[in-house]
Undergrad: 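What follows is a structure written as structure tokens; I'll ask about it next.
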Amino acid sequence: MANRSSFKVTQCIQKVSVPLVCSSVVTLFIYLNRIQPYYYIDEVFHIPQTLQYCDGNFTQWDPKITTLPGLYLIATVILSPLKLCNIFYMRCINLLGTFLNFYLSLFIIKQISITHWMQRWNEWEKLATAYNIMFFPPLFFWHFLYYTDVVSVNAILLMLLLHLHKKFTMAAFVGLLSVIIRQTNIIWVVFVTMERIFDLLGHKTSKSVSHEHNSSAIYLRLLWKKITEEISHGWTSFVKFIIHLCVQLFPYVVVCLTFVVFIVWNKGIVVGDKIAHIPTIHIPQLLYFSVFLFCFSWPYMIVNWKDYIKFIRKRWIFTGSILVLLTVIVHFNTLVHPYVLADNRHYVFYFWNKFMGKYRLFKYLLVPLYSFTLYTMLHGIKHLRVVTQINYIFMVSAVLIPQLLIEPRYFIMPYILYRFLIGKPKAWQIIAESMTTLIVNFLQFYIFANKVFYWSDQLHPQRISW
């Protein structure tokens with residue numbers, strides 16, 4: 001009876017909150033478009049390119065654009081038949097995408113809570129978490145502009161949802177669409193491909209695996225034992241085993257191979273302006289991400305501080321070695337893109353010029369913080385099977401380390417996926433996260449609306465964003 005009553009209360013909250021949230025977001029959207037009716041930063045490339053497509057000029061391409069034309073094609077298909085190809089309605093696509101992020105997140109959380117965790121979530125916890133993901137500040141900021149971020153996240157979340165529902169062919173197709181929107185999304189296609197492989201191998205292990213073994217190195221030994229058993233049965237049996245895996249993975253493999261062909265044909269992952277996005281080795285990106293993650297997920301990470309202290313006391317030699325390693329990485333691999341130093345329309349510009357670049361020792365003072373945030377980040381997903389932990393860390397590294405430019409936008413999908421992967425939250429954690437999200441959103445839009453300055457070569461006023 002209590003559960004049924006709780007469900008009815010949550011349904012009532014949802015019926016009231018959804019219209020209220022939608023009307024508030026739409027009002028904010030209209031207000032922000034009134035104060036920013038002209039192109040904002042990269043919109044100067046995105047909007048004219050879409051207008052070319054709306055006019056049927058599909059052979060025209062701005063060489064400054066570095067992503068594939070997925071967003072422009074989507075906008076053209078929706079807006080061109082309605083004769084609505086203008087800046088306002090193009091931005092409306094991201095407004096709709098923001099609401100879609102909420103529902104996709106809610107359905108993903110519901111599915112995960114059913115299939116992956118012993119503890120079931122309350123309905124209000126699912127609802128509140130979905131709202132927090134929708135309002136995640138570095139993502140929500142773009143709801144009123146014409147950028148690729150919102151639609152890109154739409155595609156990845158839809159792919160994850162279809163994958164969880166075991167609709168792998170559709171998931172692979174949506175994954176391909178996500179890559180056409182933004183090339184680096186191939187990493188998340190590979191992520192779900194690897195998860196599918198681990199699922200298939202896990203189902204074939206004859207020995208039942210306890211939860212403790214599932215999240216430890218023992219699970220890796222069991223998987224390896226299964227593979228060696230298949231080999232020991234003879235090459236014919238092993239080939240059949242591989243063929244069976246390939247058949248099950250076929251939709252994902254097709255997408256991955258198609259992307260490889262694109263890389264070879266394009267001579268790199270970036271289209272257009274390749275000079276500004278040359279792949280590099282930038283390991284501190286992982287350190288920045290761990291701090292970024294803590295800033296927004298601190299209620300889920302701060303609770304591990306006692307475990308961190310115990311870990312230091314028990315393994316002080318190992319911890320000291322890690323601190324030395326992090327210091328070496330910071331010393332030799334702290335890189336900065338010219339855009340960070342030159343563009344004062346981004347928060348990173350101010351952080352770098354007032355702290356990281358101004359004080360020589362500041363970057364070293366952050367090393368203990370990196371140690372803590374890395375530990376708590378890994379601690380937050382330790383309940384997962386060990387191969388999923390490795391898969392997540394590897395894919396996040398693949399997304400971030402090659403990037404020279406420090407962009408919070410690059411952290412969006414790694415953050416959202418992390419929020420899906422952590423265990424069942426407590427009520428106070430969700431409330432604290434919600435308060436953090438609301439405060440940061442208020443501050444970012446207040447700054448955007450009120451902090452106005454001018455560039456000598458630009459007619460319109462400039463504003464600050466992520």
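The first residue of the sequence shown is numbered 1, and numbering continues consecutively from there.
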Undergrad: Test Asp199 against Arg385 for salt bridge (charged side-chain N to carboxylate O under 4.0 Å, His left out), laying out the working first.
TA: CA-CA 11 Å; Asp199 287 340; Arg385 60 183 178 184; 2.9 Å; yes
Undergrad: Please evaluate residues Ser17 and Tyr131 with respect to the criterion side chain to side chain donor-acceptor pair (under 3.5 Å), reporting the C-alpha separation (whole Å), side-chain torsions for both, the decisive distance (0.1 Å), and the verdict.
TA: CA-CA 10 Å; Ser17 67; Tyr131 276 131; 2.8 Å; yes
Undergrad: Please determine which of Leu96, Leu100, Asn101, Asn94 meets the side-chain contact (heavy atoms from CB on, under 4.5 Å) test together with Val151.
TA: Asn94
Undergrad: Applying ring-ring contact (aromatic ring centres under 6.0 Å, His included), can you list everything that pairs with His460, at least two apart in sequence or on another chain?
TA: Tyr38
Undergrad: Is the count of non-hydrogen atoms from other residues, nucleotides or ligands lying under 6.0 Å from Trp455 atom CH2 greater than 12?
TA: yes
Undergrad: Looking at residues at least two apart in the chain, or sitting in another chain, which of them share a side-chain contact (heavy atoms from CB on, under 4.5 Å) with Ala171?
TA: Met159, Leu162, His163, Tyr252
Undergrad: Answer yes or no: is there a donor N or O on one side and an acceptor on the other, between the side chain of Asn33 and the main chain of Phe29, under 3.5 Å?
TA: yes
Undergrad: Step through the shown structure and confirm whether more than 12 heavy atoms of other residues, nucleotides or ligands are within 6.0 Å of CZ on Phe318.
TA: no
Undergrad: Please determine if Arg419 forms a cation-pi arrangement with Tyr300, meaning its NZ or CZ atom is less than 6.0 Å from the six-membered ring centre and no more than 45° off the ring axis.
TA: yes
Undergrad: Tell me yes or no: between the side chains of Ser465 and Tyr40, is some donor less than 3.5 Å from an acceptor?
TA: yes
Undergrad: Atom NZ of residue position Lys167 - does it have more than 12 heavy atoms of other residues, nucleotides or ligands inside 6.0 Å?
TA: no
Undergrad: Test your reading of the model: is there a side-chain donor-acceptor pair from His337 to the backbone of Tyr339, 3.5 Å cut-off?
TA: yes
Undergrad: With a 3.5 Å distance limit and no angle check, can you tell me whether Thr129 reaches the backbone of Lys126 through a side-chain donor-acceptor pair?
TA: no
Undergrad: Sub-3.5 Å donor-acceptor pair from the side chain of Gln389 to the main-chain atoms of Leu384, do we have one?
TA: yes
Undergrad: With no hydrogens and no angle check, is any side-chain donor or acceptor of Tyr350 less than 3.5 Å from a backbone partner on Asn344?
TA: yes
Undergrad: Output all residues satisfying side-chain hydrogen bond (donor to acceptor under 3.5 Å, both in side chains) with Ser434, sequence neighbours left out; order by chain, then residue number.
TA: Asn132
Undergrad: Please examine the side chains of Thr327 and Phe332, heavy atoms only from C-beta on, and report whether any two atoms are closer than 4.5 Å.
TA: no
Undergrad: Please assess Thr67 against Arg182 for the test side chain to side chain donor-acceptor pair (under 3.5 Å), listing each intermediate value before the final yes or no.
TA: CA-CA 6 Å; Thr67 55; Arg182 180 176 285 178; over 6 Å; no
Undergrad: Taking C-beta and beyond as the side chain, do Arg345 and Ile41 meet within less than 4.5 Å on heavy atoms?
TA: yes
Undergrad: Under the side-chain hydrogen bond (donor to acceptor under 3.5 Å, both in side chains) test, which residues partner Thr437, sequence neighbours left out?
TA: none
Undergrad: Could you tell me whether Arg463 sits above the aromatic face of Phe448, with NZ or CZ closer than 6.0 angstrom to the six-membered ring centre and within 45 degrees of the axis?
TA: yes
Undergrad: Does the Glu43 side chain pair with the main chain of Leu145, one donor and one acceptor, at a distance under 3.5 Å?
TA: no
Undergrad: Does OH belonging to Tyr446 count more than 12 external heavy atoms closer than 6.0 Å?
TA: no
Undergrad: Ignoring hydrogens and geometry beyond distance, is a side-chain donor-acceptor pair present between Thr436 and Trp298 at under 3.5 Å?
TA: yes
Undergrad: Given the rule in the side-chain contact (heavy atoms from CB on, under 4.5 Å) test, do Phe191 and Arg196 qualify, once you have shown the distances and angles that lead to the verdict?
TA: CA-CA 9 Å; Phe191 174 83; Arg196 178 66 175 145; over 6 Å; no
Undergrad: More than 12 non-hydrogen atoms from neighbouring residues, nucleotides or ligands closer than 6.0 Å to CD1 on Ile281, yes or no?
TA: no
Undergrad: Within this structure, what is the NE2-CD1 distance for the pair His165 and Ile108, rounded to the nearest 0.5 Å?
TA: 8.5 Å
Undergrad: With a 4.5 Å limit on heavy-atom distance, are the side chains of Ile112 and Phe420 in contact?
TA: yes
Undergrad: Report the residues that fulfil side-chain contact (heavy atoms from CB on, under 4.5 Å) with Phe173, sequence neighbours left out, ordered by chain and then residue number.
TA: Leu177
Undergrad: Below 6.0 angstrom between ring centroids: does that apply to Phe294 and Phe372?
TA: yes
Undergrad: With a 4.5 Å heavy-atom cut-off, do Phe135 and Val25 have their side chains touching?
TA: yes
Undergrad: As an exercise, state the distance from CG of Asn185 to CG of Leu176, rounded to the nearest 0.5 Å.
TA: 11.0 Å
Undergrad: Would you say Gln429's side chain and Pro299's backbone share a donor-acceptor pair under 3.5 angstrom?
TA: yes
Undergrad: Should we count CH2 of Trp316 as having more than 12 external heavy atoms under 6.0 Å?
TA: no
Undergrad: Below 30° counts as parallel, above 60° as perpendicular, anything between as tilted: where do the rings of Phe140 and His143 land?
TA: parallel
Undergrad: Where does the angle between the aromatic ring planes of Phe136 and Phe292 fall among parallel (under 30°), tilted (30 to 60°) and perpendicular (over 60°)?
TA: perpendicular
Undergrad: Tell me every residue that passes side-chain contact (heavy atoms from CB on, under 4.5 Å) with Leu378, counting only those two or more places apart in sequence or in another chain.
TA: Ile393
Undergrad: Is there side-chain contact between Phe453 and Ile464, with heavy atoms separated by less than 4.5 Å?
TA: yes
Undergrad: Holding to salt bridge (Lys or Arg N to Asp or Glu O under 4.0 Å), I want the full list of residues that pass it with Arg315, two or more places apart in sequence or in another chain.
TA: none
Undergrad: Under the ring pair (Phe, Tyr, Trp, His ring centres under 6.0 Å) criterion, do Phe355 and Phe351 qualify, and how do the steps go?
TA: CA-CA 6 Å; Phe355 298 101; Phe351 178 77; 5.7 Å; yes
Undergrad: Of the options Tyr418, Phe289, Phe296, which is the one that meets Phe411 in a ring pair (Phe, Tyr, Trp, His ring centres under 6.0 Å)?
TA: Phe289
Undergrad: With sequence neighbours excluded, what pairs up with Asn304 under the side-chain contact (heavy atoms from CB on, under 4.5 Å) test?
TA: Asp307, Thr376, His379
Undergrad: Nearest 0.5 Å please: distance from the OG atom of Ser105 over to the CG atom of Leu127.
TA: 11.5 Å
Undergrad: Is a donor on one side and an acceptor on the other found under 3.5 Å between the side chain of Asn391 and the backbone of Val387?
TA: no
Undergrad: Could you list the residues that satisfy ring-ring contact (aromatic ring centres under 6.0 Å, His included) with Tyr147, not counting sequence neighbours?
TA: His46, Trp142
Undergrad: Going by salt bridge (Lys or Arg N to Asp or Glu O under 4.0 Å), name the residues that satisfy it together with Arg409, two or more places apart in sequence or in a different chain.
TA: Asp149, Glu407
Undergrad: Please round to the nearest 0.5 Å and tell me the distance separating atom CE of Met356 and atom NZ of Lys354.
TA: 15.5 Å
Undergrad: Using the test ring-ring contact (aromatic ring centres under 6.0 Å, His included), find all partners of Tyr347 that sit at least two apart in sequence or belong to another chain.
TA: Trp466
Undergrad: Is there a donor-acceptor pair under 3.5 Å between the side chain of Glu125 and the backbone N or O of Asn122?
TA: yes
Undergrad: Under 3.5 Å, side chain of His282 to main-chain N/O of Pro402, donor-acceptor pair present?
TA: no
Undergrad: Please report the interatomic distance OG(Ser152) to CG(Leu71), rounded to the nearest 0.5 Å.
TA: 9.5 Å
Undergrad: With sequence neighbours left out, what residues match Tyr410 under ring-ring contact (aromatic ring centres under 6.0 Å, His included)?
TA: none
